[in-house]
J.: 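Have a look at the structure that comes next, please.
Keep in mind that the numbers below use all heavy atoms, side chains included, and drop hydrogens, waters and symmetry copies. Below, chain A is the first sequence line, B the second, and so on; all start at residue 1.
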Amino acid sequence: MREIRFTLNGREVSTSAHPMARLIDVLRDEFRMTGVKEGCGEGECGACSILKDGRIVNSCILAVGMIEGAVLETPEGIAATDRGRAINAGYAEAGAVQCGFCMTGMAVATEALLRQNPAPDEHQIRTAISGNLCRCTGYAMIVDGIKRAAIKGSGLW
Amino acid sequence: MNKSPISTAVQRVDSHGKTSGETRYLADYYYPDMLYARCVRSTRSRARILAVRVPELPEGYYYVDHRDIPEGGENCVAMINRDWRAFAADLTSFYGETIGMLVGPDRSRILQIMDSIEVEYEDLEPAVNIDEALALKGGPIHGSDNLFAEINLTKGDPDAAFARAARVVEGTFESGAQEHVYLEPQALCGTFEDGKLTIHASTQCPFYIRHSVAEALGWAAEDVRVRQTVTGGGFGGKEHYPDVLAVPLAVATLKIGKPIQLVLPREEDLEVTSKRHPSRITLRTALDSDGRILGMQLDTIIDAGAYESSSRVVLQRAVFTGIGVYDIPSVRAHGRAVATNTVPADAFRGFGAPQGLFAIEMHMSQIAQELGVDEDEFRRRYFVRRNSATITNGHVPEDVKLNELLERVKQLSDYDRKRRSYARGGGRGIALAFVQHGSGFTGSGERDIIKARVRLRRTEDDVIEVCASNVEIGQGVDTTFRKIVADVMEIPYTEVQLLNTNTDLTPDSGPTCASRSVGVVGYLLQEGARKLKARANEPGPIEVEQEYRQPPEIRWDAETLQGDAYPSFGWGVTCIEVQTDPVTLEAGVTGIWAAFDIGRAIDELVIQGQIDGGIVQGLGYAQIEKLESSNGRFQQITMADYVIPTSLDYPAINSCLVDNPYPYGPSGAKGAGEVVFDGAAPAFTLALQHAFDLPLRRIPVTPEYILEVKKHARNPVHA
Ligand code: FES
Ligand code: FES
């Protein structure tokens with residue numbers, strides 16, 4: 001079978017998975033990017049968020065055949081950057097994290113937002129994470145975490 | 001306000017790993033040779049199972065059912081009762097009940113095979129709601145009367161009160177089912193480690209799983225190990241329900257001898273796992289000619305579903321909390337947990353209290369409106385105080401700071417001005433709810449059933465190790481437990497080692513539920529740490545244990561349900577402001593304020609997280625989380641249909657705490673995880689009543705329901 005090639009966190013990789021296989025399964029099972037979480041498998045919760053060519057997508061509703069040549073960034077990839085560390089520090093300071101299952105997806109949404117808008121206001125933040133469900137926090141402390149991340153990482157985006 | 005140093009927020013120990021993706025949850029463990037499991041489930045609400053036809057299975061695939069339970073075992077899930085079967089054998093009592101389990105290496109192949117498994121049924125007439133069950137439609141599901149539990153309580157002289165009444169006000173209040181939607185679905189894995197059967201699970205209660213697996217296999221509890229994996233939310237949904245999955249999984253693991261992962265797809269999780277109990281509560285109040293309350297009658301019915309699970313205790317809490325924060329001189333309470341052919345209901349944050357509190361808050365406001373007096377002032381007059389008699393003829397053991405909480409919330413929200421200026425029925429509304437929540441298990445459950453034990457040691461290398469069975473499910477115990485011990489030992493909290501995820505390594509300090517982890521177990525840790533500290537000069541390793549002892553002034557009779565049902569209470573005042581649309585009847589929440597007395601915060605940010613998350617989850621319950629059942633099947637089984645709050649639905653919450661240290665809590669802390677949830681639904685619904693001037697009697701309050709009330713409202717609420 002033809003290999004599907006793409007860039008994963010800066011590395012050129014390929015997979016021989018069936019083109020119809022869900023991207024989330026390939027990322028998790030084959031590449032062990034387990035920061036990509038499955039919360040619903042139907043494109044509703046955002047726990048499986050990744051960046052595809054810089055845009056946030058739900059990897060549970062993408063077939064791996066659709067990512068030939070794409071540039072993918074997972075939570076692991078983002079966390080390893082200075083910007084990822086700023087996000088992490090902002091969340092920690094705000095006390096944003098509870099059970100954590102939504103948090104890698106939130107971090108991806110945060111990265112996507114701050115790339116477009118390094119100094120977002122409350123409403124812009126809430127809109128940017130509205131595709132990411134969190135059942136624990138009621139969101140306000142995540143919003144606060146994102147504001148802090150923007151300040152801590154000011155100049156990085 | 002007079003903040004204790006311990007309350008100062010620290011950085012949570014679990015924050016970094018969870019944000020970066022390093023932290024592994026159950027599905028993130030890949031064992032060599034691991035197989036996957038799916039449950040074969042009943043597609044009838046009530047039927048005899050005549051035959052299960054499994055096609056010939058390819059190599060490496062297995063079908064597991066009740067016949068695989070080893071000799072000496074029992075086909076049951078041992079919880080409080082043991083009526084829930086591990087595998088439905090000849091009868092199924094709800095849609096989605098586990099009949100068997102299909103196990104194999106390839107997940108899509110498993111799905112194909114599932115499609116070809118045929119179950120032959122003989123349909124029986126189901127009773128799918130409270131009315132059908134009370135009428136014994138299709139014959140009883142449980143016992144002779146379909147009641148898993150019934151409670152009768154009397155306080156004072158209710159007969160005399162009603163005989164003397166100048167007027168009686170009555171209302172019936174209903175609440176729907178609610179799904180937890182922990183973001184990580186139910187997830188377990190069975191393995192053998194060092195030759196020992198090990199269940200890894202996303203769970204609140206490792207020892208519950210150990211108990212139910214051992215009972216079903218007919219083994220000693222010590223022969224099973226349970227390891228909690230980092231748990232992506234629980235809210236009560238991972239209190240007992242993992243037992244229901246763990247038993248069939250253990251049977252399969254034993255039969256096949258390889259690691260088996262069972263993770264429920266979200267749809268299946270929504271469709272078959274336990275929900276919050278739907279309720280119907282009728283309240284009648286006897287008033288004298290001056291409008292003073294003489295007495296009250298409560299009739300509390302909860303829909304328990306097909307098996308008992310923890311419904312008996314949920315019912316107790318619903319009834320014991322049924323008169324809210326009020327001192328009512330005479331009360332008669334009747335409570336019933338009714339068996340229906342639906343998914344068994346079980347624990348969910350609040351555990352019966354939200355249903356009881358919704359009803360009493362709505363009813364008290366109803367009385368005030370019928371009397372034409374101010375709802376808030378009317379309720380305030382009946383606030384309990386220290387030593388007030390409770391519905392179980394016990395006493396309120398502590399200072400009650402409701403008035404202070406009320407003042408704080410009024411200041412934060414500018415309540416009095418808004419309440420005056422928003423005309424009744426004018427589209428804007430603002431309202432208050434007053435709540436209490438008993439911390440810990442009901443009655444003497446802590447002393448007689450749980451018997452919590454914790455262990456602390458100073459190791460050879462001078463490390464402080466803490467062993468307890470209460471686990472991190474997002475609520476912050478991995479941080480707060482460390483802080484409690486570190487505070488006593490005067491060391492940094494990050495230096496405390498916490499062992500709380502493996503039943504082989506920790507004593508049983510009870511389940512992670514009932515707002516008991518900090519208030520009850522945290523106190524044991526504090527006292528244990530004090531013992532350890534007193535022996536600090538001794539050389540070498542030291543180990544101490546600390547066992548639960550009931551506070552001396554507490555008395556409780558478990559037979560008659562009389563006495564002090566709870567040793568301490570959390571208290572809260574929640575205020576919700578709404579703006580409604582007269583055409584679509586949609587409501588938007590424009591302000592949320594709250595004040596709580598939880599004794600003392602072990603960590604302010606952790607508590608703020610509980611308050612924010614609890615209130616938003618409570619607003620979801622009150623407004624948008626509609627879970628209807630038709631013929632015993634839930635209709636909303638995708639996340640697109642069962643909608644939970646998003647970041648755009650509710651504004652940030654402005655909350656505060658009032659300090660009221662509890663002598664038997666660590667640094668004065670009481671439970672906090674549930675009281676924060678309780679007030680949202682009544683406050684929201686009362687605010688809508690204010691905005692629409694309609695008598696609302698049911699949650700969730702959807703626009704469709706408001707329309708229905710509007711059509712039927714012959715009289716406005718304040719007649
Ligand atoms: S798992 Fe992909 S959106 Fe929920
Ligand atoms: S922290 Fe639990 S779902 Fe967001």
J.: Under the 3.5 angstrom rule, does the side chain of A:Q124 hit a backbone N or O of A:D121 as a donor-acceptor pair?
T.: yes
J.: Quick check with a 6.0 Å cut-off and a 45 degree axis cone: is B:K238 positioned over the face of B:Y182's six-membered ring?
T.: yes
J.: For the CZ atom on A:R32, are there more than 12 heavy atoms of other groups (residues, nucleotides or ligands in this structure) within a distance under 6.0 Å?
T.: yes
J.: Under a 4.5 Å heavy-atom cutoff, which of B:T231, B:L619, B:V181, B:I611 has the most pairs with chain A?
T.: B:V181
J.: So which residue, A:A92, A:C134, A:G145, ends up with the most heavy-atom pairs under 4.5 Å with chain B?
T.: A:A92
J.: Run the ring pair (Phe, Tyr, Trp, His ring centres under 6.0 Å) test on B:F235 and B:F677 for me, step by step, so that the C-alpha distance in whole Å, both residues' side-chain angles and the decisive distance to 0.1 Å come before the verdict.
T.: CA-CA 11 Å; B:F235 314 111; B:F677 177 94; 9.4 Å; no
J.: Charged N to carboxylate O under 4.0 angstrom, B:E179 versus B:K275?
T.: yes
J.: Select all residues of residues 150-157 of chain A having any heavy atom within less than 4.5 Å of some heavy atom of chain B, and report them by number, or 'none'.
T.: none
J.: With distance as the sole criterion, is a donor-acceptor pair present between the side chains of B:Q228 and B:T203 under 3.5 Å?
T.: no
J.: What I'd like to find out is whether the side chain of A:E12 reaches to under 4.5 Å of the side chain of A:R5, using heavy atoms alone.
T.: no
J.: Counting only non-hydrogen atoms closer than 4.5 Å, does A:A96 touch chain B with its backbone (N, CA, C, O), its side chain (CB onward), both, or neither?
T.: neither
J.: Under the salt bridge (charged side-chain N to carboxylate O under 4.0 Å, His left out) criterion, do B:R38 and B:E268 qualify, and how do the steps go?
T.: CA-CA 10 Å; B:R38 287 294 294 260; B:E268 186 174 339; 3.4 Å; yes
J.: Is chain B contacted by the side chain of A:S130, its backbone, both, or neither, given a heavy-atom distance below 4.5 Å?
T.: both
J.: Can you say whether A:D29 sits under 4.5 Å from chain B via the side chain, the backbone, both, or neither, judging by heavy atoms?
T.: both
J.: Is B:S515 close to B:V675 at the side-chain level, that is, under 4.5 Å between some pair of heavy atoms?
T.: no
J.: Are B:L648 and A:H123 side-chain neighbours, meaning at least one heavy-atom pair lies under 4.5 Å?
T.: yes
J.: Do the charged groups of A:E44 and B:R266 touch, with an N to O distance under 4.0 Å?
T.: no
J.: Which one wins on heavy-atom pair count under 4.5 Å against chain A: B:I473, B:V616, B:L605?
T.: B:L605
J.: Side-chain contact test, heavy atoms from C-beta onward, threshold under 4.5 Å: evaluate it for B:Q608 versus B:E604 and give yes or no.
T.: no
J.: In sequence, state the C-alpha distance, the side-chain angles, and the governing distance for A:L51 and A:R115, and then conclude on side chain to side chain contact (heavy atoms under 4.5 Å, CB included).
T.: CA-CA 11 Å; A:L51 298 183; A:R115 274 188 200 180; 3.6 Å; yes
J.: Main chain of A:M103, side chain of A:Y91: is a donor-acceptor contact present, judged purely on distance under 3.5 Å?
T.: no
J.: Would the distance check show the side chain of A:R126 and the main-chain N or O of B:S647 forming a donor-acceptor pair, the cut-off being under 3.5 Å?
T.: yes
J.: Who in residues 10-20 of chain B is close to chain A, using a strict under-4.5 Å heavy-atom cut-off?
T.: B:Q11, B:R12, B:D14, B:S15, B:H16, B:K18, B:T19, B:S20
J.: Give the member of A:I142, A:N132, A:V97 that has the highest number of heavy-atom pairs under 4.5 Å with chain B.
T.: A:V97
J.: Quick one: does B:K483's side chain have a donor or acceptor within less than 3.5 Å of a partner on B:I6's backbone?
T.: yes
J.: Tell me which of these, B:S108, B:P651, B:G232, B:P265, has more heavy-atom pairs under 4.5 Å with chain A than the rest.
T.: B:G232
J.: Could you have a look at B:H180, B:E267, B:Q475, B:Q610 and say which one has the most heavy-atom pairs with chain A under 4.5 angstrom?
T.: B:H180
J.: Among the options A:N88, A:L133, A:I125, A:I129, pick out the one with the most heavy-atom pairs lying under 4.5 Å from chain B.
T.: A:N88
J.: So, A:Q98 versus A:T137: side-chain donor-acceptor pair below 3.5 Å or not?
T.: no
J.: Do side-chain atoms of B:Q204 reach the backbone of B:G236 as a donor and acceptor pair under 3.5 angstrom?
T.: yes
J.: Taking every non-hydrogen pair under 4.5 Å, which of B:G620, B:G609, B:A652 racks up the most with chain A?
T.: B:G609
J.: Using only non-hydrogen atoms and a strict under-4.5 angstrom cutoff, which residues of residues 52-87 of chain A touch chain B?
T.: A:P75, A:E76, A:A79
J.: Is it true that a side-chain atom of B:Q186 and a backbone atom of B:G237 form a donor plus acceptor pair closer than 3.5 Å?
T.: yes
J.: Is any side-chain heavy atom of B:D641 closer than 4.5 Å to one of B:Q635?
T.: no
J.: Using heavy atoms and a sub-4.5 Å threshold, report which of residues 27-35 of chain B line up against chain A, by residue number.
T.: B:A27, B:D28, B:Y30
J.: Do the ring planes of A:F101 and B:Y25 sit parallel (below 30°), tilted (30 to 60°) or perpendicular (above 60°)?
T.: perpendicular
J.: Taking every heavy-atom pair that is under 4.5 Å apart, which of A:G39, A:G95, A:G35 has the most such pairs with chain B?
T.: A:G39
J.: Are any non-hydrogen side-chain atoms of B:Y241 and B:V272 less than 4.5 angstrom apart?
T.: yes
J.: Give a yes or no answer on whether the side chain of B:E625 reaches the backbone of B:Q178 with a donor-acceptor pair at less than 3.5 Å.
T.: no
J.: Tell me, side chain or backbone of A:Y139 under 4.5 Å from chain B's heavy atoms, or both, or neither?
T.: side chain
